[in-house]
Amino acid sequence: MHMQLLNNDRVVMFDRTDFGMSNISLPDGKCRYDQNDTTLKVDCTAHSIEYDIASNSIRPLMVQTDVWCSSGSVFPDGSLVQTGGFNDGEKVVRVFKPCSNATTNGTCDWEEIQGGLVQRRWYSTNHILPDGRQIIIGGRRAFNYEFYPKSASANNSYSLPFLVKTNDPNKIENNLYPFVFLNVDGNLFIFANNRAILFDYTKNVVLTNYPEIPGGDPRNYPSTGSAVLLPLKNLQAQEIQAEVLVCGGAPKGSYTSALNGNFSGALSTCGRIIITDPNPQWTMETMPLARTMGDMVILPNGNVLIINGATTGTAGWECGRDPVLKPVIYRPDNPFDSRFEIQNSSTIPRMYHSTAVLLRDGRVLVGGSNPHIYYNFTGVLFPTELSLEAFSPSYLDSISEYLRPQIISPASQYAIEYGQRMPIRFKVAGRVDINLVTITMVAPGFNTHSFTMNQRLLVLVSENVKLIGENAYQINVVTPNNAKLAPPGYYLLFVVHQDIPSEGIWVKIQ
């Protein structure tokens, strides 16, 4: 249900704790004791794991409180800070600090902070801020926001009337897990239901009311479309453009209809809006496949993968039908009528509670799917799915191997500063087109419920690609100028040649 890549190349995953035993035992006789659990008062199985990509192995983790439909983001030090959930987890903050020598004896595990939040946070959205704090926005019956960590002067929550205005009545909502992006001016773009604002969280002031997305249909949970901030470019320009893409969802009334056994067709439209434009307007496009509950993942070359989801229905228990098995690649820089390309099909339906995250080697890890209240493997349309698979974009095809860069230096885990000039050295076996080399920095995001929080790609300013040896090249780049463009923390840096990315290296900007 929740997934995050960390800077040790391991993926932390977790699911709700209150639906019975998992198939993975906790180590060393550990058990979870919870008298309020509706299923098990004593549970000795794991509901969170650390997945080691290189060895294809897992390590069980101990989470005590219920993380169901929670949220999170990675702190500048690389720790996953995860917030909220259900029942005993609704005001809890959990911290997972990655380490390279973890064992099953309890080292490198979740730390839980009771009462870390002021408000209950269930179906909320988190984003890292330029000062390194997280903002936690919204959630079920939470029309407000708060920050973590707290300070003596900010140990409270703040009203956000926009969330009241976008809340559809009669428990339909359609504004949960709002789409939140840090704009290049340091303010927040917040999209909920079918409209958006630009919000100054430092003054609690709405700066811009964006026009309603054409058609007026809801795009957030439970209608559940997805959204990305498109790649940020021209980072040394006086005015930097930022653009958001919102795709899929379900028409008005779809959730109620699905609860009554009638499954409406998902939306096939995407909307693009330049959020930095003084007169912002939506431009609409049509996807080749309608989709609700789809995940949108920014790839290292700036293209967007749209994967998982259903053709009819909505998010929610038993509310989706007709899985979309074919991913789609969206190329934002292509001409208007040639941006979508259908990819090879998976054989595994990924419906409600599926996940997808980018890996350092350029693949996308895909997992999960459980549209049932409990684990249910038999006698249902879409059994609980416990498998993982990887989607390999076409840039990983062997036919492109001779064009694929390999970074020579710097080494991974390299520390950089804002506005720093630095050389990057790389190899390419084939002939290099020096006009088609770019350097990108990607902030891996926290994925749950068809939205990846904190996901961000920056195209670095680069110059002077030159040959320095046999098949070896150097390119000089300038890192982002400030934390409004790139909040402090860990990013994956890629060399991209003719749309084909290298394997990434970890860099830490501070």
Side-chain angles (χ1 to χ4, degrees), residues 1-34 37 39-75 77-114 116 121 126 134 148 353-357 359 365-368 370 375 384-388 444-449 453 490:
M1 191 185 300
H2 312 81
M3 192 184 287
Q4 171 77 56
L5 174 68
L6 298 178
N7 68 292
N8 58 359
D9 287 329
R10 295 172 187 171
V11 181
V12 170
M13 307 174 192
F14 48 96
D15 210 328
R16 57 187 291 199
T17 58
D18 62 346
F19 58 1
M21 294 187 296
S22 75
N23 291 340
I24 303 168
S25 296
L26 288 167
D28 304 323
K30 282 185 178 180
C31 294
R32 178 177 161 273
Y33 299 91
D34 187 351
D37 194 307
T39 309
L40 287 174
K41 308 300 182 187
V42 180
D43 183 359
C44 303
T45 62
H47 300 283
S48 177
I49 60 112
E50 181 187 56
Y51 173 59
D52 188 323
I53 300 160
S55 64
N56 194 32
S57 61
I58 62 170
R59 184 173 68 89
L61 303 175
M62 174 69 174
V63 60
Q64 174 66 31
T65 54
D66 197 352
V67 292
W68 179 23
C69 298
S70 53
S71 52
S73 186
V74 173
F75 258 12
D77 69 354
S79 300
L80 172 57
V81 176
Q82 192 276 320
T83 54
F86 187 59
N87 282 344
D88 64 348
E90 62 187 15
K91 293 186 178 181
V92 176
V93 173
R94 305 167 196 86
V95 180
F96 182 86
K97 297 180 179 179
C99 56
S100 57
N101 57 350
T103 66
T104 58
N105 64 4
T107 62
C108 204
D109 210 333
W110 286 106
E111 172 194 355
E112 304 200 32
I113 303 164
Q114 296 290 334
R121 298 294 170 189
N126 295 26
Q134 282 190 38
Y148 188 84
H353 291 149
S354 307
T355 46
V357 295
L359 301 179
L365 184 67
V366 182
N370 185 23
Y375 283 144
T384 300
E385 182 58 64
L386 301 181
S387 69
L388 292 170
F446 178 91
N447 177 262
T448 189
H449 289 77
M453 304 169 194
Y490 285 89

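T83 and Q134 share no donor-acceptor pair across their side chains, judged by distance under 3.5 Å alone. Looking at N56 and Y51, their side chains do bring a donor and an acceptor atom within 3.5 Å of each other. S71 and N126 share a donor-acceptor pair across their side chains, judged by distance under 3.5 Å alone.
Between P98 and S79, the closest heavy-atom pair is CD-CA, 4.0 Å. Nearest heavy-atom pair across V67 and V63 is CG1-CG2, 3.7 Å. Taking all atoms of both residues into account, the shortest heavy-atom contact from V42 to C31 is CG1-CB, 4.1 Å. Minimum heavy-atom separation, P60 to P27: CG-CD, 4.0 Å. Between L5 and V11 the shortest heavy-atom distance is CD1-CG2, 3.9 Å. Residues S22 and A46 come closest through the heavy atom pair OG-O, 2.6 Å.
Inter-residue side-chain proximity for L61 and F14 is flagged as unmet; no heavy-atom pair is nearer than 4.5 Å. With a 4.5 Å cut-off on side-chain heavy atoms, F86 and D18 count as touching. For the pair M13/T355, no side-chain contact is recorded, criterion being any heavy-atom separation below 4.5 Å from C-beta on. Between L40 and M21, some side-chain heavy-atom pair lies under the 4.5 Å cut-off. Residues W110 and L80 form a side-chain contact, since some pair of their non-hydrogen atoms from C-beta on lies under 4.5 Å apart. Looking at F96 and C108, their side chains come closer than 4.5 Å, going by heavy atoms from C-beta outward. Side-chain contact between K91 and Q114 is absent, with no heavy atoms from C-beta onward closer than 4.5 Å. Looking at D109 and K30, their side chains come closer than 4.5 Å, going by heavy atoms from C-beta outward.
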One pair to check against side-chain contact (heavy atoms from CB on, under 4.5 Å): H353 and C69. What are the steps and the verdict?
CA-CA 9 Å; H353 291 149; C69 298; 4.2 Å; yes
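Partners of D77 under the salt bridge (charged side-chain N to carboxylate O under 4.0 Å, His left out) rule, at least two apart in sequence or in another chain, do not exist in this structure. Evaluation of the salt bridge (charged side-chain N to carboxylate O under 4.0 Å, His left out) rule for E385 yields no partner, not counting sequence neighbours. With sequence neighbours excluded, the residues forming a salt bridge (charged side-chain N to carboxylate O under 4.0 Å, His left out) with D34 are R32, listed by chain and number.
Distance CG/L6 to SG/C99: 10.5 Å, rounded to 0.5 Å. How far CD of Q4 is from CZ of R10: 15.0 Å, rounded to the nearest 0.5 Å. The structure places CG of N370 at 8.0 Å from CG of L386, a figure rounded to the nearest 0.5 Å. A distance of 8.5 Å separates CD in E50 from OG in S57, rounded to the nearest 0.5 Å. To the nearest 0.5 Å, the span separating NE2 on H2 from CG on D15 amounts to 7.5 Å. Of the inter-residue distances, the one linking S70 atom OG with F446 atom CZ reads 5.0 Å to the nearest 0.5 angstrom.
At least one donor-acceptor pair closer than 3.5 Å links the side chain of R94 to the backbone N or O of G89.
Remark: of the listed residues V95, V81, V92, V95 is the sole one forming a side chain to side chain contact (heavy atoms under 4.5 Å, CB included) with I113.
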